[in-house]
Amino acid sequence: SAIYANLEKQLGGGRHSISSGIRLSMVDIDLSETAVSTATFLNLNDLSADIGWIFALSDQVQLVANLAHGFRAPNIFDMGTLGERPGNRFNIPNPTLDSEYVTQFDTGIRSRTDRLNTELIFYRLDYRDRITSVLTGATTTDGRDIVQSRNQAEADIWGLEAAVNFAFHDNLILDAIVNFAYGKEKESNNTSVPADRMPPFNGRLGLRYELNELLVFEPYIVFADSQMRLSPRDIRDVRINPEGTSGWLTANLGASWKPNAIWRVKVSLENLFDKQYRHHGSGIDAIGRNFSLSFAARW
């Protein structure tokens, strides 16, 4: 359960826009006794808050900045996933787990004109008391490493997001977005390692061609660079190749037909060249060559 409040205010003749919010969240976790753990009840109450600022340099250009603080209470997976785990581990319970905390800051610039829209955002996240699986130094009788989830990790993540939308003509539009993230984590023994499951550099590039008011074609590519910078947890994770995740690129084609003001029919042809790939951190390979047909009604 939660209660929250939000405020938005225009200042400086409308050139400045301020938004802020605060939220009190109350989380109860109640786990029954099992064969490998005692009954556990946690009551966690905490605050999250944010403040954002938009400054209009002109009618076309805006500066933006946001500062936020949040938390994540341990969930049923954190508390109740016990016993044998992937990577030759055996997880024992920790009834005193607490919340994770994060402070986030981002700033950037946006530009809007008749034909060109651009956005560039830099961000940083500081995680504290992250829940991480810690080796206890003991092993089970069958040789599995005994681990326990504890609030012992810290991580710093920073990166950027950039987007461009450019209209060559009224009926031909280029749309592109790229994302980059880099993270470091401090473990319980004060050693610094790469943050776990960090996504590689990735993005999307597409064209939108409006043949007429009824028919639209959208060819696009989706790509991700390789991710060879792995944390010790990544190397032990059976979902991740211990040598890293290879980069990939897929070619795709979408088309939509709008016969009237209500109905829209969309056809998608994905991964046209049947590329075999895997999203970093995923436990399964992505879908191969794929076809989909959808119908939507709006009134």
Side-chain angles (χ1 to χ4, degrees), residues 1-7 20-51 66-104 125-157 183 185-190 193 195-199 231-240 279-284:
S1 56
I3 183 171
Y4 65 90
N6 190 69
L7 171 68
S20 63
I22 189 168
R23 178 187 180 103
L24 172 64
S25 300
M26 294 148 280
V27 181
D28 289 344
I29 303 170
D30 189 359
L31 294 179
S32 302
E33 182 178 3
T34 70
V36 293
S37 65
T38 59
T40 302
F41 178 79
L42 293 180
N43 175 254
L44 302 171
N45 304 326
D46 226 316
L47 289 172
S48 52
D50 74 284
I51 183 169
N66 299 278
L67 177 66
H69 174 76
F71 77 99
R72 185 185 76 86
N75 56 30
I76 297 299
F77 180 85
D78 297 319
M79 301 289 296
T81 307
L82 307 173
E84 294 184 357
R85 303 293 299 142
N88 197 43
R89 298 173 299 159
F90 187 93
N91 194 30
I92 61 175
N94 182 358
T96 61
L97 270 182
D98 203 349
S99 298
E100 300 177 333
Y101 296 93
V102 62
T103 301
Q104 172 260 334
L125 301 100
D126 294 330
Y127 286 93
R128 297 295 177 265
D129 298 324
R130 285 191 67 188
I131 297 173
T132 185
S133 182
V134 177
L135 290 167
T136 63
T139 58
T140 62
T141 55
D142 58 351
R144 287 182 172 269
D145 296 321
I146 296 178
V147 297
Q148 186 181 50
S149 296
R150 299 175 184 173
N151 297 96
Q152 289 193 1
E154 299 179 1
D156 295 323
I157 298 172
E185 183 170 319
K186 183 184 292 185
E187 297 191 315
S188 55
N189 58 3
N190 288 325
V193 299
D196 63 296
R197 284 180 288 182
M198 291 297 300
S231 75
R233 289 181 64 189
D234 291 336
I235 295 173
R236 292 172 61 94
D237 195 326
V238 295
R239 296 168 295 183
I240 299 175
H279 289 277
H280 182 64
S282 172
I284 58 174

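In this structure, Asp129 does not pair ionically with Arg150, as no charged nitrogen and carboxylate oxygen lie closer than 4.0 Å.
From Ile240, atom CD1 reaches atom OG of Ser231 across 7.0 Å, with rounding to the nearest 0.5 Å. Here CG of Asn88 is found 7.5 Å from OG1 of Thr140. Values are rounded to the nearest 0.5 Å.
In this structure, Glu100 contributes its side chain and Arg72 its backbone to no donor-acceptor pair below 3.5 Å. For the pair Asn94 (side chain) and Ser149 (backbone), a donor-acceptor distance under 3.5 Å is present. In terms of modelled atom types and a separation under 3.5 Å, the side chain of Asp28 and the main chain of Phe41 share no donor-acceptor contact. Looking at Arg130, its side chain never comes within 3.5 Å of a backbone N or O of Glu154 through a donor-acceptor pair. Between the Gln148 side chain and the Pro93 main chain, a donor and an acceptor come within less than 3.5 Å of each other. With hydrogens and angles ignored, the 3.5 Å screen pairs a side-chain donor or acceptor of Asp234 with a backbone N or O of Arg197.
Closest approach of Ala2 to Arg23, counting heavy atoms only: CB-NH2, 3.5 Å. Here the closest non-hydrogen pair linking Arg144 and Phe90 is CB-CB, 4.2 Å.
At least one side-chain heavy atom of Ser1 sits under 4.5 Å from a side-chain heavy atom of Met26. Residues Asp46 and Tyr101 form a side-chain contact, since some pair of their non-hydrogen atoms from C-beta on lies under 4.5 Å apart. In this structure, the side chains of Leu44 and Pro74 come closer than 4.5 Å at one or more pairs of heavy atoms.
The environment of CZ in Arg85 is crowded: more than 12 heavy-atom neighbours from other residues, nucleotides or ligands sit within 6.0 Å.
Exactly one of Leu135, Thr132, Ile92 qualifies for a side chain to side chain contact (heavy atoms under 4.5 Å, CB included) with Val147. That residue is Leu135.
Residues Thr96 and Asp98 have side chains that never bring a donor and an acceptor to within less than 3.5 angstrom of each other.
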